[in-house]
There are 2 protein chains.
Amino acid sequence: MAVVPSDPLKPRKTPRQARSTATVAAIFEATFQVLLSDGLVKLTTTRVAERAGVSVGTMYQYFPHKEALLYAVLEQYLYEVVIATEEACVRLEGARLGEMADGLVHAYLEAKLRHMPGSRVLYTVAAELDTDDLIDDIVRRADQAIKRLLASAADAHFDDLPTVTFAVRTILVGTVREVLEKEAPVSSLAMLRAQLPIMCRAYLMAVSRRA
Amino acid sequence: MAVVPSDPLKPRKTPRQARSTATVAAIFEATFQVLLSDGLVKLTTTRVAERAGVSVGTMYQYFPHKEALLYAVLEQYLYEVVIATEEACVRLEGARLGEMADGLVHAYLEAKLRHMPGSRVLYTVAAELDTDDLIDDIVRRADQAIKRLLASAADAHFDDLPTVTFAVRTILVGTVREVLEKEAPVSSLAMLRAQLPIMCRAYLMAVSRRA
DNA sequence: ACCTGAACACCGTTCAAGT
DNA sequence: ACCTGAACACCGTTCAAGT
């Protein structure tokens, strides 16, 4: 029952009893654990089931296929990051442009780092999943928050807000991924921390008018 | 024979006769074709062998495993892009900062687009391969070219060239990937084309001193 | 209502036999 | 020297049988 045809990556059925709720939680947690310890390539359904303490059959009762397991983990992670970003945008409303750039960069970067080393593996997970709809949703939320933020700037005005919003979000997400995804982000992370706010500030100044 | 232990993703043996040289070329081409038509998930060794007109056994004589096939295709693609970038850097040497930003962005973006739609699939390929060494090499080449370019700017000087080089390369690669990787880059591609030069120019101005 | 695990289809890889 | 393809191990998924 309760197969969701519009989104086959969603859990197959909603648990109705306490026992199965715990089962789903255990499977979810096991997926993440196996992902962190063994990596995506070595993540097999058998291994996840073992770690969760259930049989493969049980797993397939709640998740229609392997990808649904990964999708669930990725989804939760992305929601946490976008929520942190939204909160930062609200907090920074009405600030000056420089503070906005610094605050936004800081909030996004810290949200990503808070979930390290999950962030790293999850880039590989996202790459082999059909995430178009999920990403669209996340991007829409992020863009809405950033747009609102930029529109509220105390000392600047933007003629083409949608374009600037797109650009800022793309710099943020693109550069952070580029750094976190790689093996040894020790020194590059420090550089990113220092340069990303400068990039954003410089770009925002360049495309805004004093108000 | 001729297994390369330092890099197990490399071809297993060097062809010594015309027949096998053609075989390797056919396998290489078939890999790329299957990748484009069927996508990474549906790319199986059998399918590639079929398309190449050889048996699986023959394929395994030249490529030690499936990943070696993908690695070869990715490697060639990355080399082409980095060469285009290097050439642009040489061409722009001694120019003014604004022209440099525009020229570099244009060259990199066009190199990526020239290989579309290969670019899109290859992001997914890179994600599930051990590409650390390959990427390190590419990044080193790109950074060297960009560093030389920036140092030659007619109207600007940089105090911390390594950091600025890192930042420019990260913006470039990160934002372009962010856009090309997605499903429908029609309008976002136009925005990227317009905003990326502005970003780079604004950043470079911000971290440089007039000379 | 929930769980089990043997059974099936399919894929990556090998190797004995061919030319 | 190069090629073939049946055979093997392993993984994702199902389903008849259990509680």
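- Between the B:T58 side chain and the B:V54 main chain, no donor and acceptor come within less than 3.5 Å of each other.
- Atom OH of B:Y62 is separated from atom P of D:dA1 by 11 Å (rounded to the nearest Å).
- Of the residues in residues 43-55 of chain B, those placing a heavy atom less than 4.0 Å from an atom of DNA chain C are B:L43, B:T44, B:T45, in numerical order.
- By the side-chain hydrogen bond (donor to acceptor under 3.5 Å, both in side chains) test, A:R47 is found to be paired with A:D38, residues two or more places apart in sequence or in another chain being considered.
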Would you give me the side-chain donor-acceptor pairs under 3.5 Å for residues 173-191 of chain B, sequence neighbours excluded?
from: B:T175; atom 1: OG1; to: B:I171; atom 2: O; distance (Å): 2.6
from: B:T175; atom 1: OG1; to: B:L172; atom 2: O; distance (Å): 3.4
from: B:R177; atom 1: NH1; to: A:E181; atom 2: OE2; distance (Å): 3.1
from: B:R177; atom 1: NH2; to: A:E178; atom 2: OE1; distance (Å): 3.2
from: B:R177; atom 1: NH2; to: A:E181; atom 2: OE1; distance (Å): 2.9
from: B:E178; atom 1: OE1; to: A:R177; atom 2: NH2; distance (Å): 3.1
from: B:E178; atom 1: OE2; to: B:K182; atom 2: NZ; distance (Å): 3.4
from: B:E181; atom 1: OE1; to: A:R177; atom 2: NH2; distance (Å): 2.9
from: B:E181; atom 1: OE2; to: A:R177; atom 2: NH1; distance (Å): 3.1

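- What separates CE of B:M59 from P of C:dC15 is a distance of 17 Å, to the nearest Å.
- Contacts of A:E87 classified as side-chain hydrogen bond (donor to acceptor under 3.5 Å, both in side chains), with partners at least two apart in sequence or in another chain: none.
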Could you provide the dot-bracket string of DNA chain D, using ( ) for intrastrand pairs, [ ] for crossing pairs and | for bases paired to another strand, with Watson-Crick or G-U pairs below 3.5 Å?
-> ||.|||||...|||||.||
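- Contact check, B:Y60 against C:dT14: no side-chain N or O comes under 4.0 Å of OP1 or OP2.
- Sorted by first then second residue, the salt bridge (charged side-chain N to carboxylate O under 4.0 Å, His left out) pairs that include residues 56-66 of chain A, not counting sequence neighbours, number zero.
- Across the protein-nucleic acid pair, B:E67 atom CD and C:dT13 atom C1' stand 12 Å apart, rounded to whole Å.
- Computed from coordinates, the B:L69 CG to C:dC11 P distance equals 16 Å when rounded to whole Å.
- Atom CD1 in A:I27 sits roughly 12 Å away from atom P in C:dC2 (whole-Å rounding).
- The salt bridge (charged side-chain N to carboxylate O under 4.0 Å, His left out) pairs that include a residue from residues 141-151 of chain A are A:E86-A:R141, A:E93-A:R148, A:D143-A:R169, where partners are two or more places apart or lie in different chains.
- Not counting sequence neighbours, the partners of B:L92 by the side-chain contact (heavy atoms from CB on, under 4.5 Å) test are B:L149.
- Of the residues in residues 29-40 of chain A, not one comes within less than 4.0 Å of DNA chain C through any heavy atom.
- With sequence neighbours excluded, the residues that form a side-chain contact (heavy atoms from CB on, under 4.5 Å) with B:A202 are A:A202, A:A206.
- For A:S119, the side-chain hydrogen bond (donor to acceptor under 3.5 Å, both in side chains) partners two or more places apart in sequence, or in a different chain, are A:Y77.
- The side chain of A:V56 approaches D:dT13 more closely than any other nucleotide in the set C:dT13, C:dC3, D:dT13.
- Side-chain atoms of B:Q61 lie closest to D:dC2 of the nucleotides C:dC3, C:dT13, D:dC2.
- Taking a cutoff of 4.0 Å between a charged side-chain nitrogen and a carboxylate oxygen, A:R193 and A:E110 qualify as a salt bridge.
- Separating the NZ atom of B:K66 from the C1' atom of C:dC10 is a distance of 12 Å, rounded to the nearest angstrom.
- Considering only residues two or more places apart in sequence or on other chains, B:E80 meets the side-chain hydrogen bond (donor to acceptor under 3.5 Å, both in side chains) condition with B:H115.
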